[in-house]
Amino acid sequence: MSYILDRREFVKMSALAAASAMAASRAGIASLPPAEAAHPGRAITWDKAPCRFCGTGCHVQVGVRDGKVVAIQGDPLADVNKGLLCAKGYHVGMALYGRDRLQHPMLRRNGTLKQISWQEAIDMIAHRVLEAPERFAIYGSGQWTIPEGYAAQKLMKGGLSNNHIDPNARLCMASAVTGFLSVYGVDEPAGCYEDLDRCDVLILWGNNMAEMHPVLFSRVVDRRSRGEQVTIIDLGTRRTRSTEQAQHFLEFKPHTDLAIANGIAHLLIRRGTFDKNFVENHCHFRQDTEEASLMGRPMSFEQYIQAVERYTPEYVEEVSGVKASDIRMLADFFGRKDVRITSTWCMGMNQHSRGTNINRLVHGIHLLSGHFGRPGDAPTSLTGQPSACGTAREVGTLAHALPGGRLVAKEDHRAQCEELWNLPAGRINPKPGYHTVLMWEKFCTPTSEGGDISTLLVQVTNPGQSLPNLHKLFRGKQGLEDKFLVVSDVYPTASTALADLILPAAMWVEKNGIFGNSERRTQQWFKMVQPPGEARDDTWMTIAIARRLYELGHPGMKDKNGGFLFSFPDDQGNEVPIWEWEHYYDMNVDRALYEEYRPFTFLKHKNVAPYDVLARHRGLRWPVVELPEGGWRETKFRFSGFDDPFVENGREFDFYHSVTGDGRAQIWFAPYESPPEVPDSEYPFWLCTGRVLEHWHTGTMTMRVPPLRGSMPHSYVEMHPEDAASQGIQNGEMIRLITRRGSVDLPVWIGGRGHPPRGSLFVPFFDQRLLVNLVTLDAVDPISKEPDYKKCAARVDKTSIATQARKETPTPL
Amino acid sequence: MKNSDSNDLYRPHKKGTGIVVAVIFTVSASGFFMGLQQTLSTISLTREVQETPFVNETQTPALKTAESGTVPQAVGYAEMVHARHLKANGFWQQSLEKFSEPPEELLAVVLPSLGEKQEEMKQRLQIRAFDGAPPRIPHPMDQITDASCLSCHEKGMKMKDRYVPAMSHGTLANCTQCHVPMEGPPSKEAGVLKQPLDINDWEGIQSVVQGERAFPDAPPQIPHAVRMRSNCLSCHGPRSEPALRTTHPFRQNCLQCHLPSAELDRRGLLPGGL
């Protein structure tokens with residue numbers, strides 16, 4: 001609106017404005033307190049860091065004043081989030097200041113915790129390890145920084161010849177890893193977030209992106225505000241906020257996504273709308289062996305056609321409940337060459353007892369239809385943890401892996417690591433260690449009954465809440481006198497509740513760090529504030545334990561020349577005693593470890609950028625190569641000739657780590673198979689678990705952030721109103737949720753954040769007082785060993801809640 | 001310069017009263033007749049509901065319409081939660097279009113005292129963790145969709161002495177990504193499950209009451225970042241809390257006199273720099 005004023009009006013208004021301004025200045029505004037009022041921002045220093053929470057990898061600007069984080073802004077120069085954050089990201093600084101931060105090492109003796117010194121704590125762990133090195137295990141995390149994971153990896157596999165190290169990422173994206181490996185021969189997505197800016201169709205495979213990866217979801221839906229068209233198809237088992245933004249909601253019965261993917265393949269083949277050129281030049285067909293295996297066996301195109309033959313739209317409708325016409329719609333899109341299709345998925349496809357297979361199939365339909373490798377055409381897995389890709393996958397902190405995409409089972413891979421680590425040949429144990437579920441099962445089983453893990457060190461994660469079937473896999477530890485649980489964390493958690501030794505850790509910008517996000521982006525940040533009390537870096541803990549073992553004479557702590565495994569010189573060439581906390585920051589240990597790790601990444605062409613280059617950028621996507629004219633170049637689209645420097649010149653696509661060794665990707669067939677547990681008359685409901693926007697992982701950080709906790713103060717069970725009505729259950733009422741493994745009491749939320757269909761329940765897992773994982777199933781995918789948290793059979797009981805049970809105050813958080 | 005149109009526009013004292021009276025009359029008269037109509041046929045619950053244009057499909061169960069001469073059947077409690085039109089802001093499309101706002105008071109004298117300004121800043125902190133944090137939603141809302149947010153917050157509104165701020169930034173489609181409600185799920189065990197929020201020692205930067213001036217009558221500098229606050233009128237316009245309101249809403253080009261701070265905006269960050 002613009003105003004046209006005549007002169008008289010203008011003079012009148014100006015006079016008025018001037019008068020009010022003068023009146024205002026007389027009203028005492030000039031005498032405002034100085035300091036912040038007069039000099040906003042002057043005392044604040046700002047620095048960049050990736051957000052602490054999810055795998056999106058947004059960058060924030062962290063404002064620090066007087067040694068404390070006081071402000072957070074979205075980083076406008078960050079390519080991932082372009083200045084935008086989500087509710088968690090804006091409040092990430094508050095996660096440091098929960099009142100009950102752990103500040104001192106604590107030892108549990110006769111049931112009570114007693115403060116001890118760091119020296120005692122490290123000594124105790126070292127002695128237990130020395131007693132039985134093969135019974136020691138480390139349970140790590142996709143929240144480990146790259147140097148933290150790398151140090152733990154080197155200590156275990158290179159030092160102790162022990163492969164019992166696995167990260168919580170096993171519970172989160174192991175199926176995505178096995179999917180990528182079996183399809184492309186090498187892990188991690190080929191595309192990047194730019195696909196979200198360029199796609200015409202976005203398919204959410206059981207993925208509530210609006211709440212779980214909101215910044216990425218906004219990258220898509222905000223395109224509509226700019227007048228762009230993008231079709232969102234939500235394939236889900238319940239209505240969510242993502243559904244609200246989608247044009248199509250295809251509700252399927254749990255586990256039947258395999259049938260849907262096969263239905264699309266069936267139509268592409270039958271109609272001849274698959275990309276013949278792409279398939280002929282760049283693909284092979286493959287299927288599983290009798291017993292599930294990572295690489296399976298080849299099949300011919302004719303066999304593939306036969307295999308998908310039975311997945312007619314009508315058959316798929318019968319199995320999945322998705323209308324045949326909707327299956328045809330999906331196939332129509334995939335059959336078109338003039339649209340670009342991006343598929344995203346996260347836990348829905350990964351936490352699946354056929355997780356590897358559904359990952360293979362979704363890659364398969366993208367390859368079959370040629371919707372691959374052009375900006376906007378991509379099958380993209382999203383990760384939930386900030387460095388699941390960087391630390392768990394790239395550093396290979398899994399029981400079967402070695403850094404840089406190597407495997408412990410491969411002799412040449414072991415030899416390469418021994419050489420890079422300067423270790424005597426044969427140091428690395430060729431037998432894979434225990435994966436997560438097995439590791440905890442062994443730890444919770446009495447030693448006399450074969451439970452051969454006796455000391456377990458947990459870093460940067462909370463298995464006491466996030467493991468499935470907690471009765472069996474975590475609480476079973478209670479009463480086993482010879483088992484010793486060490487937990488390093490920042491707050492008291494469900495895990496520290498059973499820990500024998502608690503180590504207080506520094507977090508996020510209280511330490512240097514490097515994360516790797518979902519789109520292959522490696523991100524670095526510097527320490528900005530001091531940790532509280534005696535809290536220390538997890539990398540330091542690992543190195544201090546190694547040093548103590550070295551002093552106690554463990555031969556594995558020495559390299560080929562007798563030097564300490566973690567020996568780093570300063571600029572003058574003198575070894576810095578980084579195992580002493582007072583000297584830990586005399587040098588940049590992160591930089592030293594990362595530069596030692598970097599050569600490991602070259603084998604699988606995952607070349608990460610040098611530390612000093614990362615320090616100047618808001619993350620760079622590997623492979624990062626040095627340009628002949630100087631400078632470094634990142635890669636957005638892997639395997640695509642126009643962008644990937646490792647693709648042979650002149651080729652449009654080159655899968656240069658192909659399973660078949662000929663530059664081709666594998667299109668897999670996998671059948672629909674029934675889930676391990678299905679509802680029956682005794683347990684008539686499907687139970688699905690998941691997350692909410694406000695809380696991250698097990699809520700140990702976000703539940704201590706008042707705005708987030710105020711918005712979502714406790715967990716709940718979502719239920720269809722008719723199911724509730726049939727049992728006389730009211731909104732907000734406490735009910736007992738029962739499965740074959742146990743029970744948990746929860747308030748019912750009807751018509752809330754998500755709307756499940758009849759016969760289906762949903763419970764978020766963030767609330768440690770209402771532990772839904774006491775009742776979830778521990779069935780795992782046969783290849784990835786990832787548990788299926790998304791489906792088991794349950795019933796709800798309104799009457800069985802004794803008043804007594806409800807009066808028991810839940811564990812205070 | 002003589003311009004009769006503009007004279008008409010800016011003679012609120014004479015015409016304004018007339019308009020206000022006319023508006024009040026129209027609203028009350030139509031309200032009366034609409035009310036009559038409702039009681040005669042069915043209550044509003046049974047009226048056909050117009051769905052939001054943002055949502056393709058809905059799961060609103062078919063509502064039973066009363067036959068003439070009978071009492072309309074009430075919606076069951078279980079159905080209510082699924083009946084979108086019964087939820088918070090459910091009627092936004094119909095009712096707000098009819099709502100008539102008083103004219104903008106472009107010439108109102110705005111002279112808040114320091115105390116009033118400080119009080120307003122305190123109010124703002126109730127729903128913000130620190131200066132620059134997205135405000136939380138201080139009213140009930142539909143948990144699954146934010147389709148109705150724009151109906152009030154796109155342009156902002158004023159109802160008597162209540163102000164609905166306009167969005168301070170351009171349209172971003174996923175409102176609840178940053179703005180979270182202040183209330184969680186309902187629970188009969190709320191006493192146990194909703195524990196006090198006094199659990200954190202965070203001390204974030206606070207909003208500044210007044211920007212720095214070079215000399216007493218100089219225009220104050222903008223004392224906060226302008227990122228995500230590009231629409232100055234959201235907080236300082238005629239439809240904002242009086243304590244924050246500009247004395248001269250008729251001036252359109254705010255940044256002509258009030259300068260943003262490169263430091264606060266984190267400008268001067270070069271690509272590849274820190």
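What you see below is based on every heavy atom in this structure, not just the backbone, and it leaves out hydrogens, waters and symmetry mates. Everything numeric here is computed off the predicted structure, so don't read it as measured data. Labels below follow one simple rule: chain letters A, B, ... track the order of the sequence lines, proteins then strands, and each chain is numbered from 1.
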Chemist: Main chain of A:V230, side chain of A:R224: is a donor-acceptor contact present, judged purely on distance under 3.5 Å?
Modeler: yes

Chemist: With a 4.5 angstrom heavy-atom cut-off, which part of A:V692 approaches chain B: side chain, backbone, both or neither?
Modeler: neither

Chemist: Is it the side chain or the backbone of A:I729 that comes within 4.5 Å of chain B heavy atoms, both, or neither?
Modeler: neither

Chemist: Between A:S715, A:S218, A:A724, which shows the greatest number of heavy-atom pairs under 4.5 Å with chain B?
Modeler: A:S218

Chemist: Between B:D198 and chain A, which part of the residue has a heavy atom less than 4.5 Å away: side chain, backbone, both or neither?
Modeler: both

Chemist: Below 4.5 Å from any heavy atom of chain B, which atoms of A:E211 appear? Answer side chain, backbone, both or neither.
Modeler: neither

Chemist: Go through the atoms of A:V613 and report whether side chain, backbone, both or neither lie under 4.5 Å from a heavy atom of chain B.
Modeler: neither

Chemist: Taking side chain as everything from C-beta outward and backbone as N, CA, C, O, which of these in A:P747 sits under 4.5 Å from a heavy atom of chain B? Side chain, backbone, both or neither.
Modeler: side chain

Chemist: By salt bridge (Lys or Arg N to Asp or Glu O under 4.0 Å), which residues pair with A:D234, not counting sequence neighbours?
Modeler: none

Chemist: Hey, does the side chain of B:D146 reach the backbone of B:C175 with a donor-acceptor pair shorter than 3.5 angstrom?
Modeler: yes

Chemist: Among residues two or more places apart or on two chains, list those pairs meeting ring-ring contact (aromatic ring centres under 6.0 Å, His included) that have a residue in residues 166-194 of chain B.
Modeler: none

Chemist: Examine distances only and state if a side-chain atom of A:Y97 and a backbone atom of A:V69 form a donor-acceptor pair shorter than 3.5 Å.
Modeler: yes

Chemist: Return the minimal non-hydrogen interatomic distance between A:A210 and A:S242, and the atom names on each side.
Modeler: N-OG, 2.9 Å

Chemist: Given 3.5 Å as the limit, does a donor-acceptor pair link the side chain of B:Q177 with the main chain of A:L85, or not?
Modeler: yes

Chemist: Give, as side chain, backbone, both or neither, the part of B:T246 having an atom under 4.5 angstrom from any heavy atom of chain A.
Modeler: neither

Chemist: Go through B:A173, B:C178, B:P185, B:P186 and name the one with the most non-hydrogen pairs under 4.5 angstrom from chain A.
Modeler: B:P185

Chemist: Give the member of A:L96, A:L708, A:L693 that has the highest number of heavy-atom pairs under 4.5 Å with chain B.
Modeler: A:L693

